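Heads up: the structure comes next, in structure tokens.
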Amino acid sequence: MYTLENSSTVLRHFAQQIGLLLTFGLAISCTGQKKDTTSETGGAMENAVEQESKFTDELMAQEKKWASALVGNDMKTVAALMHRDFRLKRVYGDALPISKEMYLGMPGMSAEKMDVTHFEILEELGDIVIAKTAMSMDWQQEGVGKLPPYSVSIDIWQRNADGSWQVLSRVSQILDEPYSSK
């Protein structure tokens, strides 16, 4: 019989697995061997570093779609890119994780510019991919004003049965200086 206690155990196990994936991804990003490449897309990806992956182009397109949707205030597109169990954890401050609903309902956020400046696949685990993305942004929040112009995130992407990708988890850090993979 499936009980509330069993449900809690399953959820705790799932949370532990996601934590392990994030830790593994962060460790890989700090110690992995990478090769430098320069984008030929007019500077949109300066000093890009990426592991050879069959999913690089697909997930890079998703990251650019996310950035474009935020600039266009197209939260319907952002919502479609997010898994129903999405969580955002900011590495700065003491904020609790943000759910999909909380993220989509944040008041007073606006972006004039968001460009992907770095993208790399850190690890592939079947239909789960861990990726690192850096962005350059011109954004602000009502009551706070302009926010730091750069960020780097570690994302866990999940490929659905229909082949589409959704971001399940994002660990994000804002930066005052551009992200450097060196």
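For clarity, every value in this text was computed on a predicted model and none was experimentally measured.
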Looking at [X] and [Y], what are the two nearest heavy atoms and their distance?
{"X": "Phe119", "Y": "Thr56", "answer": "CE2-O, 3.8 Å"}
{"X": "Leu104", "Y": "Ala79", "answer": "CD1-CB, 3.6 Å"}
{"X": "Gly126", "Y": "Arg159", "answer": "O-NH2, 4.3 Å"}
{"X": "Ser99", "Y": "Arg87", "answer": "CB-NH1, 3.5 Å"}
{"X": "Asp176", "Y": "Pro149", "answer": "O-CG, 4.1 Å"}
{"X": "Glu124", "Y": "Ile121", "answer": "CG-CG2, 3.9 Å"}

Partner of Ser153 under side-chain contact (heavy atoms from CB on, under 4.5 Å), chosen from Thr133, Val91, Val167, Val171: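 Of all the options given, the one that passes is Thr133.
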Candidate list Arg170, Lys89, Met102, test side-chain contact (heavy atoms from CB on, under 4.5 Å), partner Pro97, passing option: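 Only one option passes, and that is Lys89.
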Rounded to the nearest 0.5 Å, what separation is found between the [atom1] atom of [X] and the [atom2] atom of [Y]?
{"X": "Met106", "Y": "Ile98", "atom1": "CE", "atom2": "CD1", "value": "3.5 Å"}
{"X": "Leu88", "Y": "Leu96", "atom1": "CG", "atom2": "CG", "value": "11.5 Å"}
{"X": "Leu122", "Y": "Ile154", "atom1": "CG", "atom2": "CD1", "value": "5.0 Å"}
{"X": "Lys132", "Y": "Glu123", "atom1": "NZ", "atom2": "CD", "value": "13.5 Å"}
{"X": "Ile174", "Y": "Arg90", "atom1": "CD1", "atom2": "CZ", "value": "8.5 Å"}
{"X": "Ser180", "Y": "His118", "atom1": "OG", "atom2": "NE2", "value": "9.0 Å"}

Side chain proximity check, Leu70 to Trp139, heavy atoms < 4.5 angstrom: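 No, their side chains stay 4.5 Å or more apart.
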Min side-chain heavy-atom separation Lys65-Thr77 under 4.5 Å: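 Yes; the side chains approach each other to less than 4.5 Å.
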Sidechain-backbone polar pair: Gln166 side chain, Met82 backbone, donor-acceptor under 3.5 Å: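 Yes; at least one donor-acceptor contact below 3.5 Å.
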Trp165 and its ring pair (Phe, Tyr, Trp, His ring centres under 6.0 Å) partner, picked from Phe55, Trp66, Trp157: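 When ring pair (Phe, Tyr, Trp, His ring centres under 6.0 Å) is applied between Trp165 and each of Phe55, Trp66, Trp157, only Phe55 qualifies.
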Step-by-step side chain to side chain contact (heavy atoms under 4.5 Å, CB included) determination, Met137 to Leu147: CA-CA 9 Å; Met137 304 166 295; Leu147 297 168; over 6 Å; no
Ion pair check, Lys146 and Asp138, cut-off under 4.0 Å: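 Answer for the salt bridge query: yes.
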Heavy atoms from other residues, nucleotides or ligands near NZ of Lys100 exceed 12 (cutoff 6.0 Å):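 Enclosed.
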